[in-house]
Amino acid sequence: MLIFLQEFCLQLFLWLLQLIDGLMEIFSAIAGVTNVNYHGQSVNIIEFLAGNSTVGTIFWCIFILAVGLTCIFTIVGLVKNMIANNRNISTIVGKFFLALLGTMAMLAVVFLGILIANSLLQLVAKIFQIGNSSKLSNALFNSCVGNWENGYNINKVDITSLSVRDIFGGYNAALFGIWPSSWKNNGMVNPNTFMYLPALIASIAVGIALIVATLNLAKRVYEIIFMYFCMPVSMSTLPLDDGARFKNWREQFVTKIILAYGAVLSVNVFVLLLPLIQQMSIPSIGSFGNAIFTIFMIVGGAMVIPAGQTLFARLFGAADDMHAGGGWLRSAYYGGRMVGAMTIGLAAKGIKGITHIARRKRESSNNNDSSGDDEKYSEESDDTESSEGGGE
């Protein structure tokens, strides 16, 4: 039974590692580190969406709308200046032309910023691959392997392409060759020293962290295109507020562009330090204590993956709208708890009401039975009295 349980835990761990590798591929594509295919062409997702012809057509329509808004805001600024008389008319008119020319200049700056940011992001990802070419699944497996056997090590295998029998080897069987009795120890690792609990906990934690980080990066793609459309409108308010709205737009756009750096850095730092953490142990505690130590370090490192986005955004002073730690997941969790509590409360009230109604019906039926007995008893008494009177 223990051997079957060990095989089941390892198979579950391998499935989770395959999921993690798939999430890493999606993460790299959405972050802009690797390209995606579109009609047979390899393109960067953000560069392609920003340069798409349909997106460009919508942008120019919004730009024409922004020109009209600029004229309206210029007239409003002139009217306000006539009342307050705190600005020169030439300054307001100059801001009008600056808004129109600035929109054209910012269009070039936006595309150039996206190209430079994606190029630097790919360079950062390549820098972390120096001397560390192992996949995240291999690093997680190696941190929980226990002892390698028969000359194998993590550099000679690809974990996600192996089966449970390849890793653990065969086992000796009893009871007509069906029931397993002991391992043959002819596989790649020692099944009795493999850390099953840390493996499952670590893989689940890393999977959740990658899902949250990938969702935030997917949200970032839409936000960049959204802010790209909003750029002419933010520039149109220049004659009215001297560029206050455009300043907010600029800060938010820069934050969204560099947000992927925090995610890529946090993932690569986690993969870089994980093999080193696996070699560490605390001498004063046993194997179970060191397994708990490994769990804490892996789960703590996994928490850095989504938190790295918020941390990197805070360095640039704009992380108020970031929930890289899974804020919407927490909201859904607490919302689910509230809904569950309300459901339980309503169910309890319903059961209480049904019980009360049933009790009242039972009491009324008992009262009817008792009243019927009283009537029967009174009728018998009347008959007895009448018979006694007749006898006399």
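FYI, the numbering just counts along the sequence from 1.
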Treating [X] as the side-chain partner and [Y] as the backbone partner, does any N or O pair qualify as donor plus acceptor under 3.5 Å?
| X | Y | answer |
| --- | --- | --- |
| N190 | E149 | no |
| S236 | T70 | no |
| N118 | I45 | no |
| S266 | A263 | yes |
| K156 | G151 | yes |
| R245 | S234 | no |
| N150 | M188 | no |
| N216 | A213 | no |
| Q122 | G32 | yes |
| S143 | L140 | yes |

Give, for atom [atom1] of [X] and atom [atom2] of [Y], the distance between the pair rounded to the nearest 0.5 Å.
| X | Y | atom1 | atom2 | value |
| --- | --- | --- | --- | --- |
| L107 | M235 | CG | CE | 11.5 Å |
| K135 | T160 | NZ | OG1 | 3.5 Å |
| I167 | L162 | CD1 | CG | 5.0 Å |
| D242 | T237 | CG | OG1 | 9.5 Å |
| T193 | N147 | OG1 | CG | 4.0 Å |
| I257 | E223 | CD1 | CD | 11.0 Å |

Pairwise side-chain contact, [X] with [Y], heavy-atom cut-off 4.5 Å (strictly under):
| X | Y | value |
| --- | --- | --- |
| M231 | F59 | yes |
| L10 | Q6 | no |
| Y261 | L120 | yes |
| Q18 | W15 | yes |
| W183 | I3 | yes |
| M280 | F293 | yes |
| L12 | C9 | no |
| L17 | D21 | no |

Exercise for the section: Measure from the ring center of F194 to the ring center of F141 and say whether it is less than 6.0 Å. Expected result: yes
Practice task
Before giving the answer on side chain to side chain contact (heavy atoms under 4.5 Å, CB included), spell out for F128 and V267 the whole-Å C-alpha distance, their side-chain angles and the decisive distance to 0.1 Å.
Solution key: CA-CA 10 Å; F128 275 91; V267 169; over 6 Å; no
Handout entry: Y222 OH: over 12 foreign heavy atoms closer than 6.0 Å
Key = no
Practice task
Please indicate whether I285 has more than 12 foreign heavy atoms, meaning atoms of other residues, nucleotides or ligands, lying under 6.0 Å from its CD1.
Solution key: yes
Practice task
Measure up the W249 and F246 rings against each other and bin them: parallel (under 30°), tilted (30 to 60°), perpendicular (over 60°).
Solution key: parallel
Practice task
Could you check I92 against F96 for side chain to side chain contact (heavy atoms under 4.5 Å, CB included), going step by step and ending with a plain yes or no?
Solution key: CA-CA 6 Å; I92 299 174; F96 169 77; over 6 Å; no
Common cluster, [X]/[Y], ILVMFWY with side-chain heavy-atom separation under 4.5 Å:
| X | Y | answer |
| --- | --- | --- |
| I72 | V233 | yes |
| M106 | L112 | yes |
| V145 | L274 | yes |
| M297 | I154 | no |
| F229 | I224 | yes |

Handout entry: Chi angles and distances behind the side chain to side chain contact (heavy atoms under 4.5 Å, CB included) call for I277, I298
Key = CA-CA 8 Å; I277 296 297; I298 294 177; 5.6 Å; no
Mind listing the closest non-hydrogen atom pair of [X] and [Y] along with its distance?
| X | Y | result |
| --- | --- | --- |
| N268 | A125 | OD1-O, 4.3 Å |
| V212 | P306 | CG1-CB, 3.9 Å |
| A99 | L238 | N-CD2, 3.8 Å |
| L121 | A31 | CD2-O, 3.1 Å |
| C144 | P198 | SG-C, 4.0 Å |
| L23 | G207 | CD1-O, 3.7 Å |

Exercise for the section: Quick one: do N35 and N44 satisfy side chain to side chain contact (heavy atoms under 4.5 Å, CB included)? Show the steps, please. Expected result: CA-CA 5 Å; N35 293 336; N44 184 280; 3.8 Å; yes
Exercise for the section: Determine whether the side chains of N142 and W148 contain a donor N or O and an acceptor N or O closer than 3.5 Å. Expected result: yes
